[in-house]
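Down below is the structure, laid out as structure tokens.
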Amino acid sequence: MKLGLLTSILDGWSFEEAADIASDMGFECLEVACWPQGKATRRYAGVSHIDVQNLTQEKADDITEYCRKKNIRISALAYYPNPMDADETKRKASIRHLLKVIDASHMLGVNLVTSFIGRDQNKTVEENLKLVKEIWPEIINHAEGLGVKIAIENCPMLFGPDEWPGGQNIMTAPDIWEKVFEILPGNTLGLNYDPSHFVWRMMDYIEPLYTFRDKIFHVHFKDIKLYPEKLKRVGTMAYPTSYMSPKLPGLGDVDWGKYVSALTDIGYQGYSCIEVEDKAFENSRERILDSIRISKRYLSQFVI
């Protein structure tokens, strides 16, 4: 496995600075945040370390050369929007930018994009599966034509009132994965597997690794801490942040030994990127860098 970092935590740093940080800390790869240029619409979303809208082949070659000098690979270009938003304007904007991210991934020779499948949060699962069939074939065909794969993270994007009641990403659990892969067969669509989202939903995050081993294109290392006393008070139908919080790997409830052991069982040798979302480490640039160092040091006992 190749240990890396999702760059969204490095908002305010340039791509070159992010690559320098990763190289100096001994990482092997970067999952590069590629949101549209401009103000973030939610926490961590809006970070853009590569401007895909204005990327030329010359610029792409310069980025590739900089990575080569720093001995860093780009694992994937990351853009996590809602391509099935109920708002038609937002939906179209998300899809347009996603297609640009796919183009950029091809230009850079990365050929992997990490994203969400999306969801109309006010529709049922069944209705959203119909939307998948309507919306996603065009995106898949575009990616397939360029030899680019798309890895969907299993985050429900259901944390507060603006995402209630259904969340903004339907591809959150094995039973739904199966249905989506039936709708969109082939080798272009797969998973960006994050164990933390199974933890707060009280789900098994080990067995699906074996079942979907051929669909795991990319992996996240992020932890979640559950607060049992809070959960007893509010229940599982409350806003999830009422009873859990994202933490650095090793500071939450994921059993990292079991998780990495299962990844080695299935022969996974791909990219494994730390996703830092721990609010306890966000009050300064140095604390952000500390959070990356701590995560790297902890996970190095499992991934060398």
Side-chain angles (χ1 to χ4, degrees), residues 1-9 29-33 42-45 47 75-82 112-119 149-159 163 167-177 180-181 189-213 215-226 240-241 244-264 266 268 270-279 291-292 295-296 298-299 302-303:
M1 279 177 275
K2 301 166 188 68
L3 186 59
L5 175 71
L6 172 58
T7 68
S8 55
I9 191 62
C29 61
L30 285 173
E31 181 187 358
V32 182
R42 66 171 192 268
R43 189 166 169 240
Y44 305 115
V47 182
S75 68
L77 299 189
Y79 174 49
Y80 296 93
N82 185 357
L112 182 62
V113 169
T114 46
S115 194
F116 291 144
I117 207 93
R119 177 169 182 161
K149 293 189 175 184
I150 302 173
I152 302 297
E153 187 185 344
N154 52 291
C155 174
M157 286 308 299
L158 174 56
F159 298 108
E163 295 154 342
Q168 296 184 359
N169 182 36
I170 193 175
M171 208 163 164
T172 60
D175 63 330
I176 297 176
W177 298 347
V180 172
F181 290 140
L189 191 72
L191 299 170
N192 182 20
Y193 199 102
D194 187 329
S196 68
H197 300 298
F198 290 90
V199 172
W200 65 267
R201 298 177 69 208
M202 321 298 166
M203 295 170 66
D204 178 10
Y205 54 89
I206 300 298
E207 191 279 331
L209 289 168
Y210 295 91
T211 304
F212 293 91
R213 65 175 70 196
K215 286 291 190 179
I216 299 172
F217 295 170
H218 197 275
V219 162
H220 271 176
F221 285 166
K222 187 179 76 177
D223 218 335
I224 285 285
K225 182 176 182 179
L226 287 173
T241 49
M244 66 79 167
S245 62
K247 300 296 293 181
L248 303 186
L251 300 184
D253 295 321
V254 174
D255 187 323
W256 291 99
K258 286 184 179 180
Y259 179 60
V260 176
S261 177
L263 287 170
T264 60
I266 66 173
Y268 182 77
Y271 298 108
S272 307
C273 289
I274 296 167
E275 182 181 14
V276 177
E277 291 190 347
D278 193 329
K279 289 184 177 180
S291 73
I292 299 169
S295 300
K296 170 75 163 51
Y298 177 81
L299 288 169
F302 304 111
V303 182

Next item on the list: Using a cut-off of 6.0 Å, state whether more than 12 heavy atoms not belonging to Lys2 lie near its atom NZ.
Entry: yes

Notebook entry, point to check: Do you know which two heavy atoms are closest between Phe221 and Val260, and how far apart they sit?
Noted result: CZ-CG2, 4.3 Å

Next item on the list: Please identify each residue that fulfils ring pair (Phe, Tyr, Trp, His ring centres under 6.0 Å) with Phe302, with sequence neighbours left out.
Entry: Tyr298

Margin query: What's the separation between atom CG in Asn192 and atom CG in Leu6, rounded to the nearest 0.5 Å?
Written below: 8.5 Å

Notebook entry, point to check: Are any of the side-chain heavy atoms of Asn169 and Asn82 separated by less than 4.5 Å?
Noted result: no

Check: Would you say Pro246 and Asp278 make side-chain contact, with heavy atoms under 4.5 Å?
Finding: no

Check: Does one side chain, of Trp256 or Asp223, offer a donor that lies under 3.5 Å from an acceptor on the other?
Finding: yes

Checklist line | Spacing of Tyr271 atom OH and Leu3 atom CG [to the nearest 0.5 Å] | finding: 13.0 Å

Next item on the list: Could you point out which residue of His218, Met171, Glu153 forms a side chain to side chain contact (heavy atoms under 4.5 Å, CB included) with Leu191?
Entry: Met171

Notebook entry, point to check: In this structure, which one of Cys273, Ser272, Ser8 forms a side chain to side chain contact (heavy atoms under 4.5 Å, CB included) with Glu31?
Noted result: Cys273

Check: Heavy-atom distance under 4.5 Å between the side chains of Tyr268 and Met1, does that happen here?
Finding: yes

Notebook entry, point to check: If we only count heavy atoms from C-beta on, is the Leu189 to Phe181 side-chain gap below 4.5 Å?
Noted result: yes

Note to self: Nearest 0.5 angstrom please: Trp200 CH2 to Thr241 OG1, how far?
What the structure shows: 9.0 Å

Note to self: Nearest 0.5 angstrom please: Glu275 CD to Lys222 NZ, how far?
What the structure shows: 4.0 Å

Notebook entry, point to check: Taking the inter-plane angle between the rings of Tyr259 and Tyr193 on a 0 to 90° scale, is it parallel (under 30°), tilted (30 to 60°) or perpendicular (over 60°)?
Noted result: parallel

Item checked: Ile152 CD1 to Asp194 CG distance, which is reported to the nearest 0.5 Å -> 13.5 Å

Notebook entry, point to check: Considering residues at least two apart in sequence or located in another chain, which fulfil the side-chain hydrogen bond (donor to acceptor under 3.5 Å, both in side chains) criterion with Ser115?
Noted result: none

Next item on the list: To the nearest 0.5 Å, tell me how far Phe159 CZ sits from Met244 CE.
Entry: 4.5 Å

Note to self: Under 3.5 Å, is there a donor on one side chain and an acceptor on the other for His197 and Thr172?
What the structure shows: no

